[in-house]
Number of protein chains: 2
Amino acid sequence: MKLSEGVEWGAHCAIVVAGLTGRATIPGKALAEYHGVSETYLLKHLKALVTAGIFESVPGPRGGYRLARDAAEITLLDIVEAIDGKQPAFRCTEIRQRGPTAVEACAYRGPCGINRAMLSAEAAWRQALAGHTLASLAAGVATTADPRVISGTQEWLARNERKSIS
Amino acid sequence: MKLSEGVEWGAHCAIVVAGLTGRATIPGKALAEYHGVSETYLLKHLKALVTAGIFESVPGPRGGYRLARDAAEITLLDIVEAIDGKQPAFRCTEIRQRGPTAVEACAYRGPCGINRAMLSAEAAWRQALAGHTLASLAAGVATTADPRVISGTQEWLARNERKSIS
DNA sequence: GGAGTGATACTCGGATATCTGGTGTCCGAGTTTTCGCGG
DNA sequence: CCGCGAAAACTCGGACACCAGATATCCGAGTATCACTCC
């Protein structure tokens, strides 16, 4: 089981975007450069965040991305599901209904016990992820990171963010 | 994120093997036929369970597989980790240390906040899986399954299990 | 000098190659059984 | 009838193809900016 690398990229980008002032935006190119990753590939994941309603995208020059709603209302689970999909990791293929001892399908009423256990475990995982908001994550970074990184990032943000036109 | 299909196979096989009497064994061929899956591919996963110390394998004619320890001492987590590996699903690549605002590596003391959150969520997932033992899963199947399936499986087991030689 | 208009530069978005890891298969090593033979 | 031995059959174990999904890239659609021209 492996989580898409894009989840990490998207989460880090979300924290950076959460640091924008007001309704300013930041272009994908800048986000890619900041994290040292491929720009074109990062755009793929940023679009997924837009589709999920986490980011808003503004086209054209002076365009870019910004949060679609307050950072306190965006959970880590939202980001993971936006990029990695909402499908459960475990997918029961009902192999209990195959083989020599199987009976007609309607006899298998409740879901397979293994499936139930796996899905409840995933529910615990999702609940844990939902306990972290973008705001809390950003606050954690702000308090633990090296002061030079913080000031450097703020300066870099000021240089790359695009003020809102409204 | 997707869990290997072999996890489902392994878990179902473990429940069947848990239903053997005493130290009897059952060959992989029979397990494959019972579940209607590829025999050669299933062997790959059964071997993983053997390597992990969950199953014991007996070679030669009248050989097969049996549990290496009591069913109450085998958790769903053991099976998942045996087949899918113990590596966490989320693997931090430290992209925070890349890009223009990065400083020397030793300045990044604690783990990345995102990584911490993801790993703690996975810990919750593992804990939930560890709460299900093979014994409890088998008991659940025994109480909820169709009576015809139960009797059919018992009959099938009696026909295919290999009594211990000791 | 100011307004209008066209070209321009920059942005995001979707379609297209490449590559790693899971999926599936085959053949070989090892062991117990079994049959045949000799005593 | 009993013991011995070799062949055989069946088991698991590791090495080899195949394929789907993630990874990575390029080109096209759209829009605010900017410069130029005309009034």
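In the text below, chain A, chain B and the rest are named by the order of the sequence lines, each starting its count at 1. Only this structure's heavy atoms are used, side chains among them; waters, hydrogens and symmetry mates stay out.
Toward the 5′ end of DNA chain C lies the nearest nucleotide of A/K29, the other residue of the pair A/M1 and A/K29 mapping further downstream.
What separates CZ of A/R91 from P of C/dG22 is a distance of 14 Å, to the nearest Å. One atom, CG of A/L46, and another, P of C/dT11, lie 13 Å apart when rounded to the nearest Å. Distance CD (A/E8) to P (D/dT23): 11 Å, rounded to an integer number of Å. Rounded to an integer number of Å, the gap from CZ of A/R62 to P of C/dC10 is 12 Å. The interatomic distance linking A/R66 (CZ) with C/dC12 (P) rounds to 12 Å, in whole Å. Counting to the nearest Å, the P atom of D/dT23 and the CD1 atom of A/I83 are 10 Å from each other. Distance B/I26 CD1 to D/dC12 P: 10 Å, rounded to the nearest Å. If you take OH of B/Y65 and C1' of D/dC10, they are 13 Å apart, rounded to a whole angstrom.
B/T75 has its side chain out of reach of B/L129: every pair of non-hydrogen atoms, C-beta onward, lies at least 4.5 Å apart. A heavy-atom distance below 4.5 Å is found between the side chains of B/L3 and A/M118.
Using a 4.0 Å cut-off, no side-chain N or O of B/R162 falls inside it from OP1 or OP2 of C/dT32.
A salt bridge is defined here as a Lys NZ or Arg NE, NH1 or NH2 lying under 4.0 Å from an Asp or Glu carboxylate O, and A/E33 with A/K29 fails to meet this definition.
Under the 30°/60° scheme for interplanar angles, the aromatic rings of B/H45 and B/W9 are found to stand perpendicular.
The heavy-atom pair separating B/R148 from A/A107 by the smallest distance is NH2-CB, 3.7 Å.
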Contact pattern, 5' to 3', of nucleotides 23-31 of chain C - B, S or - by protein heavy atom under 4.0 Å:
BBBB---BB

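Shown here is B/R159, whose CZ atom has more than 12 heavy atoms of other residues, nucleotides or ligands within 6.0 Å.
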